[in-house]
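Start at 1 with the first residue, then count along the sequence.
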Amino acid sequence: MKILKDPILIVVLVIFLISTALVGKPSLNDVNWNTIFSLMMLMAFVALISEMHILDYFSNLITMKSNNSRIIIIMLVLFDYFASMFFTNDVLILALIPLFIKIANQYHLKKAYPLTLLTIAANLGSSVTPIGNPQNIFLVSNYHVNVVEFFKYSYIFGIIGFVFILCLSFFAESKTIFNSDKHSDIYLKPVNIFIAVALMVIVLLGIFSIINVVITLIITILIGCIFNYKIIYRIDYGLLLSFIGFFLIVGIFSRSVIINSFISGLATNQRSVFILSALTSQIISNVPASVLIAKFSTYMPAIYYGVSVGGLGTMVASLANLLALKQVTIYSKKDAKKFIVLFSFLNFLLLFLFIIIFYSII
């Protein structure tokens, strides 16, 4: 089975078994089921959107509207940034990285820098909304944050992220290209747009607990299955099980007196929680970092800024980073080394700058 070959799930399972053997017993009460159901609902929604080819339509439309490589890259990066707010960073990386590699091969463009920008844009953009990435879904559910309160914290991150990604985009290669294909072969049905918008409203109502999340999950899956029953198979069950594993592992460690006192000693104020969240993300990724630090702190904004900034930096800081690298190695293996070098340089530079900026804001 494919799920048994999921590398993230395997790592989580190994850590879980070691933690159980050496630290303590797990408890299902540690699992935030609201987050799990919300994440599953979002996955079903995104699978339906992908099946409707909505992202494919708009990304192809962008490439047909320009005859300059820099303009195409800027438009793709901005589309990536804003679309990831609603369709998650993982989905945008899966959609746009292969698309850009195809364009780059066709017009002989340099790949490493634009691919790095697309990855950064997906991570930054997805941090702006409560449904953009798994850690935001968890934080909203765990701290019972309403949409107004969430955007009160995230809007500044969105503005700063937008300014940085836009400025970086202007350094992309500028080359005249001739696109003879001015017509998209993807047709977007109006009824699909209506279904997508209506379903997004239902998803948001569930995530913010305005309607019971189990009810909205069932509605989302039923609508998806009516459209195409295979959507149920496109849900990432490996990631869901990994998330359950994160909760169980964090629960085990949080009951350890030594670990509890160590992290509690570090998480004493908003700024220390912010730094702790950002640095922990560099080692264990920002999704489990948010779950771990939330056990020891009530400073939700500090954790939010920390894990959002923490998605920058190392390749493991965000699961989306690893997904981007995987796409590059599949579709353009010869550019993987250049991508890793440039990705690391830009990400650590931005990590340093964002830590300074948000440390002064908090």
In a table with atom names and distances, give each donor-acceptor pair under 3.5 Å that connects a side chain of residues 217-225 to protein atoms at least two apart or in another chain.
unit_1, atom_1, unit_2, atom_2, d
T220, OG1, T216, O, 2.7

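- Here the closest heavy-atom approach between residue A122 and residue N89 is recorded as O-CB, 3.3 Å.
- Legend: residues meeting side chain to side chain donor-acceptor pair (under 3.5 Å) with S169, ordered by chain and number and at least two apart, are absent.
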If you look only at distance, which donor and acceptor atoms sit under 3.5 Å apart when one is on a side chain in residues 293-306 and the other is two or more places apart or in another chain?
unit_1, atom_1, unit_2, atom_2, d
S297, OG, Y299, N, 3.0
Y304, OH, S127, O, 2.6
Y305, OH, Y153, O, 2.6

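- Between F339 and F343, the ring-plane angle classifies as tilted under the 30° and 60° cut-offs.
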Check: residues 352-362 side-chain donor-acceptor pairs under 3.5 Å, at least two apart:
unit_1, atom_1, unit_2, atom_2, d
S360, OG, I356, O, 3.4
S360, OG, I357, O, 2.5

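- Scored by the side chain to side chain donor-acceptor pair (under 3.5 Å) test, N212 finds no partners at all (sequence neighbours excluded).
- For T268, the side chain to side chain contact (heavy atoms under 4.5 Å, CB included) criterion is met by S272, not counting sequence neighbours.
- Remark: S318 pairs with N123 by the side chain to side chain donor-acceptor pair (under 3.5 Å) rule, at least two apart or across chains.
- Counting only residues at least two apart or in different chains, ring-ring contact (aromatic ring centres under 6.0 Å, His included) contacts with residues 4-46 are absent.
- Scanning for side chain to side chain donor-acceptor pair (under 3.5 Å) contacts around R271 gives an empty result, with sequence neighbours left out.
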For a side chain to side chain contact (heavy atoms under 4.5 Å, CB included) check, start with the C-alpha distance between V213 and I207, then their side-chain angles and the critical distance, and finish with the verdict. CA-CA 6 Å; V213 69; I207 288 175; 5.9 Å; no
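- Exactly one residue among V14, I15, T20 makes a side chain to side chain contact (heavy atoms under 4.5 Å, CB included) with I18. That residue is V14.
- Residues passing the side chain to side chain contact (heavy atoms under 4.5 Å, CB included) test with L9 are I3, D6, L241, S242, sequence neighbours excluded.
- In this structure S285 satisfies the side chain to side chain contact (heavy atoms under 4.5 Å, CB included) test together with P288, L319, sequence neighbours excluded.
- Atom CD1 of I258 has 12 or fewer neighbouring heavy atoms from other residues, nucleotides or ligands inside a 6.0 Å radius.
- Between F247 and F138, some side-chain heavy-atom pair lies under the 4.5 Å cut-off.
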Start with the C-alpha distance between N133 and V287, add both sets of side-chain angles, then the distance that settles side chain to side chain contact (heavy atoms under 4.5 Å, CB included), and finish with yes or no. CA-CA 9 Å; N133 54 46; V287 174; over 6 Å; no
Please list every donor-acceptor pair under 3.5 Å in which a side-chain atom of residues 156-165 meets a protein atom from a residue at least two apart or in another chain.
none

